[in-house]
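Heads up, the thing below is written out as structure tokens.
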Amino acid sequence: MARLLFGTGGAPHSAKTASTIDGIEHSAELGLGCMEIEFVQGVKMGEAGAHLVAEIATKAGVKLSAHAPYFINLNAREPEKIRASQGRILQTARIAAICGAESIVFHPAFYLGDPPEKAYDTVKKYLGEALDQLKRENNRVWIRPEIMGKVSQFGTVEEILDLCTELEGLAPCLDFAHWHARTGTFNSYQEFTSILLQIKERLGRATLDNMHIHVSGIAYGKKGETKHLNLEESDFQYIELLRALKDYDVKGLVICESPNLEGDALLLQTTYDTLPKTD
Ligand SMILES: [Zn+2]
């Protein structure tokens, strides 16, 4: 990736319709560089539709990623739920590849009362199986487990980076709002750069050159995230985050998930573009 691109999770609200194609075309009109296709309620796009999406996105110069369905739990008790979860990851990756998306993002699991180490081993096993399958299919899409915002959800920074070190084809989706909500901290320049440094040390500079980031304002309580907010209505120090990203010359996609979607995506992009680099 040549630089850091900004875009929305799903079609911008001001697009003609909420369709992926209208979303891509309107993202380009707004001057945004990327968009995440939301398959969060299921992958309903067919192959023909995906080919058309790829064509439109290339023409519009908008980079794509895809968000897998929410109904994934690689630590489920029932084998059929594990199979279905793996299936949703595979299905998202297959359609995303046809769309020309380079990454898919997913919420890996819930602990369901398990010790984190036990959940980790289970997630690693079943995710590994899904990655093996994609490899057999020659699918090159980056599979990105997300840093999660609730304490009941598998997905601390450490868990996700551990998985990425152990499994081939895996890279992190760094949701800075989630991590702030989960910890109540991680809201300063120094804390943001500490994560970037950790990624560089553990996964290599190439990972910072191809990052996938989620940002939004966020409300939270003792159990972590409660809901997404617009940036200006939350305590999230997005300018500090943008400074950290600029100083570390991070490249890739920044997907905004604030309720006002393109409002905050454009705010992030404009702010980033006007920041001086201090390094
Ligand atoms: Zn997500």
Side-chain angles (χ1 to χ4, degrees), residues 5-13 18 20 23 34-45 63-76 84-86 88-93 95-96 99 101-111 119 123 127 130 141-157 159-161 163-164 170-183 186 195 211-220 223-231 234 236 238 241 252-262 264-265 268:
L5 302 173
F6 294 83
T8 53
H13 292 315
T20 300
C34 60
M35 190 182 100
E36 189 150 283
I37 307 170
E38 302 272 14
F39 292 133
V40 295
Q41 305 299 339
V43 184
K44 286 156 193 163
M45 187 184 288
K63 290 266 182 202
L64 297 175
S65 57
H67 198 304
Y70 288 139
F71 309 105
I72 287 176
N73 183 3
L74 292 170
N75 189 39
S85 296
Q86 290 174 317
R88 291 185 180 111
I89 294 171
L90 296 175
Q91 202 190 359
T92 306
I95 290 294
C99 288
E102 287 171 26
S103 294
I104 70 156
V105 168
F106 72 104
H107 301 177
F110 290 86
Y111 297 112
V123 168
L127 185 53
V141 170
W142 284 102
I143 308 299
R144 298 182 183 265
E146 184 170 329
I147 310 289
M148 298 309 299
K150 294 186 183 136
V151 297
S152 59
Q153 292 171 307
F154 177 91
T156 62
V157 167
E159 284 164 345
I160 300 300
L161 296 190
L163 279 177
C164 294
L170 213 61
C173 168
L174 214 58
D175 191 316
F176 283 99
H178 279 167
W179 192 234
H180 168 50
R182 186 170 182 142
T183 58
F186 284 92
I195 298 179
M211 279 293 293
H212 194 83
I213 294 167
H214 282 177
V215 182
S216 71
I218 198 149
Y220 53 94
K223 294 178 175 170
E225 166 189 14
T226 52
K227 63 172 182 176
H228 287 192
L229 297 173
N230 295 333
L231 287 167
S234 81
F236 189 67
Y238 67 93
L241 172 63
L253 309 189
V254 177
I255 298 296
C256 176
E257 296 184 318
S258 293
N260 72 3
L261 287 179
E262 64 267 42
D264 276 359
L268 290 166

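We count ligands from 1, going down the list as the structure has it; atoms in each ligand are counted the same way.
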His67 and Glu38 side chains, donor-acceptor separation under 3.5 Å: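 No donor-acceptor contact under 3.5 Å links the two side chains.
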Distance-only donor-acceptor check, side chains Glu36 and His214, under 3.5 Å: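 There is such a pair between these side chains.
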Any side-chain heavy-atom pair of Tyr238 and Leu268 under 4.5 Å: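 Yes; the side chains approach each other to less than 4.5 Å.
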Ile147 CD1 to Ile160 CD1 distance, which is reported to the nearest 0.5 Å: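 Reported to 0.5 Å precision, the distance equals 5.0 Å.
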Pair Glu225 + Arg182: basic N to acidic O under 4.0 Å: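 Salt bridge: no.
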Flag, side chain of Asn75 to backbone of Phe110, donor-acceptor distance under 3.5 Å: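 At least one qualifying donor-acceptor pair exists.
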Protein N/O/S atoms closer than 2.8 Å to the Zn ion (ligand 1):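 Per the 2.8 Å query on the Zn ion (ligand 1), atoms found are His67 NE2, His107 NE2, Glu146 OE1, Glu146 OE2.
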